[in-house]
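Take a look at the structure below.
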Amino acid sequence: MSRSSETPSLDFTHDQLPGRVVFGAGRLHDAPGEIMTLNPTGVLFIGGAHDSNTINELTGALDVPVETIIGVRPHVPAEAVRGALGIVDRSQPNVVVTVGGGSATGLGKMIARERDVALIALPTTYAGSEMTPIWGTTEDGAKQTGRSLRVLPRVVIYDPELTIGLPKAVTVNSAFNALAHCVEALWIPDTSPITAEAAVGAIGSILAGVENVVARLDDVHARAQLLYGAHRAGTVLASAGTGLLHKTAHVLGGMFDLDHGAMYAALTPPMVDHHLETVPYARQRLTEALGANPRAAFDELAIRLGAPRSLEEIGFPPGRLREAAEAVARHADADIAEIDALLVAALNPPGKEQR
């Protein structure tokens with residue numbers, strides 16, 4: 001086998017995306033100043049149900065009109081987008097601040113896509129969405145996604161102290177989400193060597209961070225390490241884009257309202273196996289990042305961390321496997337037999353009785 005078939009070509013195009021990153025414990029206190037640099041005439045805050053105290057702290061520090069949306073839903077339902085746009089049209093904020101995980105960031109992105117507002121993100125999970133120009137919304141069981149520079153936050157503020165309250169299960173699932181961004185970048189055909197190097201480095205940061213966080217959930221340093229890895233994973237996803245792994249997760253999430261991070265815990269190992277066989281240069285990079293047996297490394301990590309290992313475990317209905325495979329194949333323009341085999345593998349991980 002020639003060297004060129006084992007490694008990405010050095011003839012490539014790589015987009016460097018704009019944006020400002022503020023990172024560190026306690027950097028929440030910088031948020032009001034960062035907001036004010038955008039000359040707000042009004043601010044809309046968006047957050048999850050557990051983010052209201054943080055949002056109240058921020059609104060109290062601003063002397064501008066504010067509106068709030070608390071309690072966002074997963075997969076960014078279209079009706080939630082329409083409701084948020086109604087608030088924007090009524091109150092006319094020119095800055096939107098999201099506090100939370102991918103659901104809060106995703107709703108903010110849809111507003112930025114549809115209206116002329118500046119977006120600031122304060123992530124509280126490891127989803128990485130805040131670093132990408134990828135948007136998504138779900139309606140009638142179908143998830144639509146796309147790319148637009150309009151949805152990129154102007155500023156992302158990472159404060160690991162905001163992640164301290166994350167339960168272990170949410171932390172673990174979110175970390176698998178971040179890992180999925182990295183491993184998929186290693187087999188997407190157009191991945192540049194810059195992105196591949198970043199993906200390998202990010203995997204190391206995530207693995208070290210998540211092991212330490214799970215050992216001690218209140219360790220701010222470990223949380224910072226994991227959050228830094230997730231940030232790097234988000235930049236990888238922004239550059240590489242999405243492939244079969246992410247497209248499968250988007251379809252299944254829209255159809256069955258499955259937890260986004262948990263899906264990656266179940267889907268990534270069989271996807272790694274598949275691409276080790278079909279993309280020669282991915283093997284070199286994956287073994288560099290994960291060891292001699294990347295699939296086994298993922299399985300062992302999931303077991304150590306208590307992550308979901310089967311799609312059925314997170315609510316996927318096995319009786320609708322054929323329907324799901326057909327939907328994924330249409331969305332990803334893939335062979336249905338290939339998708340069917342991957343979903344069967346994600347339902348039946350090693351150690352589980354085969355169907």
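These numbers come from the heavy atoms of this one structure, side chains and all, not from hydrogens, waters or symmetry mates. Everything numeric in this text was worked out from a predicted model, so none of it was measured.
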Worksheet item: Does a side-chain heavy-atom distance below 4.5 Å link Met271 with Val183?
Response: no

Worksheet item: Roughly how far apart are Ile87 CD1 and Leu44 CG, rounded to 0.5 Å?
Response: 6.5 Å

Worksheet item: With a 4.5 Å limit on heavy-atom distance, are the side chains of Trp187 and Leu244 in contact?
Response: no

Discussion item. When you measure from the side chain of His275 to the backbone of Glu184, do you find a donor-acceptor pair of N or O atoms at a distance under 3.5 Å?
Written reply: no

Discussion item. For Leu258, is there any backbone N or O sitting under 3.5 Å from a side-chain donor or acceptor partner on His75?
Written reply: yes

Item to complete: Check whether any side-chain heavy atom of Thr191 lies under 4.5 Å from a side-chain heavy atom of Leu186, and answer yes or no.
Response: no

Worksheet item: Considering all heavy atoms of both residues, which atom of Ile203 and which atom of Ala289 are nearest to each other, and what is their separation?
Response: CD1-CB, 3.8 Å

Item to complete: Please say which of Thr163, Asn173, Asn177 ends up in a side-chain hydrogen bond (donor to acceptor under 3.5 Å, both in side chains) with Tyr126.
Response: Thr163

Item to complete: Specify the closest pair of heavy atoms between Ser103 and Pro74, including all atoms of both residues, with the distance to one decimal.
Response: OG-CA, 3.3 Å

Worksheet item: Between Asn94 and Thr41, what is the shortest heavy-atom contact and its length?
Response: OD1-N, 2.9 Å

Worksheet entry | Under-4.0 Å salt bridge between Glu79 and Arg73 | yes

Item to complete: For atom CG of Asp89, decide whether the heavy atoms of other residues, nucleotides or ligands shown that lie under 6.0 angstrom number more than 12.
Response: yes

Worksheet item: In terms of side-chain geometry, is the basic nitrogen of Arg283 or Glu277 positioned less than 4.0 Å from the acidic oxygen of its partner?
Response: yes

Discussion item. Between Leu227 and Leu122, is there shared hydrophobic-cluster membership here, with clusters defined by ILVMFWY side-chain heavy atoms closer than 4.5 Å?
Written reply: no

Worksheet entry | Heavy-atom pair with the smallest gap, counting every atom of Ile157 and Pro123 | O-CD, 3.2 Å

Worksheet item: After noting the C-alpha distance and the side-chain angles of Arg295 and Asp299, does the key distance pass the salt bridge (charged side-chain N to carboxylate O under 4.0 Å, His left out) rule?
Response: CA-CA 6 Å; Arg295 167 61 192 265; Asp299 286 332; 2.9 Å; yes

Worksheet item: Roughly how far, to the nearest 0.5 Å, is the CG atom of Leu149 from the CZ atom of Arg113?
Response: 13.0 Å

Fill in: Main-chain N/O of Gly26 paired with Asp159 side-chain donor or acceptor, under 3.5 Å
yes

Worksheet item: Donor-acceptor pair, Glu313 side chain versus Arg309 backbone, under 3.5 Å?
Response: yes

Worksheet entry | Leu17 side chain reached by Thr235 side chain, heavy atoms, under 4.5 Å | no

Worksheet item: Minimum heavy-atom separation for Lys168 to Leu305, with atom names?
Response: CE-O, 3.4 Å

Practice prompt. Check whether Tyr264 and Ile314 end up in the same hydrophobic cluster, where Ile, Leu, Val, Met, Phe, Trp and Tyr are linked by side-chain heavy atoms less than 4.5 Å apart.
Written response: yes

Worksheet item: Where is the tightest heavy-atom contact between Val236 and Ala185, given as atom of each residue plus distance?
Response: CG1-CB, 3.3 Å

Fill in: Among Asn53, Thr54, Thr68, the one residue meeting side-chain contact (heavy atoms from CB on, under 4.5 Å) with Val99
Thr54

Worksheet item: How are the rings of His250 and His260 set to each other: parallel, tilted or perpendicular (split at 30° and 60°)?
Response: parallel

Worksheet item: Is any side-chain N of the basic residue among Arg320 and Glu326 closer than 4.0 Å to the acidic one's carboxylate O?
Response: no

Worksheet item: Can you check whether Ile134's main-chain N or O pairs, donor with acceptor, with Lys109's side chain at less than 3.5 Å?
Response: yes

Discussion item. Would the distance check show the side chain of Asn348 and the main-chain N or O of Val344 forming a donor-acceptor pair, the cut-off being under 3.5 Å?
Written reply: yes

Worksheet item: Would you say Ser174's side chain and Thr171's backbone share a donor-acceptor pair under 3.5 angstrom?
Response: no

Worksheet item: Given the rule that I, L, V, M, F, W and Y join up when any side-chain heavy atoms are under 4.5 Å apart, are Leu245 and Leu301 in one cluster?
Response: yes

Item to complete: For Arg20, look at atom CZ and say whether over 12 heavy atoms of other residues, nucleotides or ligands are found less than 6.0 Å away.
Response: no

Worksheet item: Do the side chains of Ile35 and Leu162 join up, straight or via other hydrophobic residues, at under 4.5 Å, putting them in one cluster?
Response: yes

Worksheet entry | Phe256 CZ: over 12 foreign heavy atoms closer than 6.0 Å | yes

Worksheet item: Is the backbone of Gly201 close enough, under 3.5 Å, to the side chain of Arg232 for a donor and an acceptor to pair up by distance?
Response: yes

Item to complete: Determine, stepwise, if the pair Thr195 / Ile188 fulfils side chain to side chain contact (heavy atoms under 4.5 Å, CB included).
Response: CA-CA 11 Å; Thr195 301; Ile188 290 179; over 6 Å; no

Worksheet item: If only atom types and distance count, is the side chain of Ser310 paired as donor or acceptor with the main-chain N or O of Leu347 below 3.5 Å?
Response: yes

Worksheet item: Parallel, tilted or perpendicular for Tyr158 and Phe23, by the 30°/60° rule?
Response: tilted

Practice prompt. Answer with yes or no whether the hydrophobic clustering places Ile46 together with Val155; edges join I, L, V, M, F, W, Y residues whose side-chain heavy atoms lie under 4.5 Å apart.
Written response: no

Fill in: Side-chain donor or acceptor of Arg147 paired with backbone N/O of Ala238 under 3.5 Å
yes

Worksheet entry | Exceeds 12 heavy-atom contacts within 6.0 angstrom, atom CG of Asp218 | yes

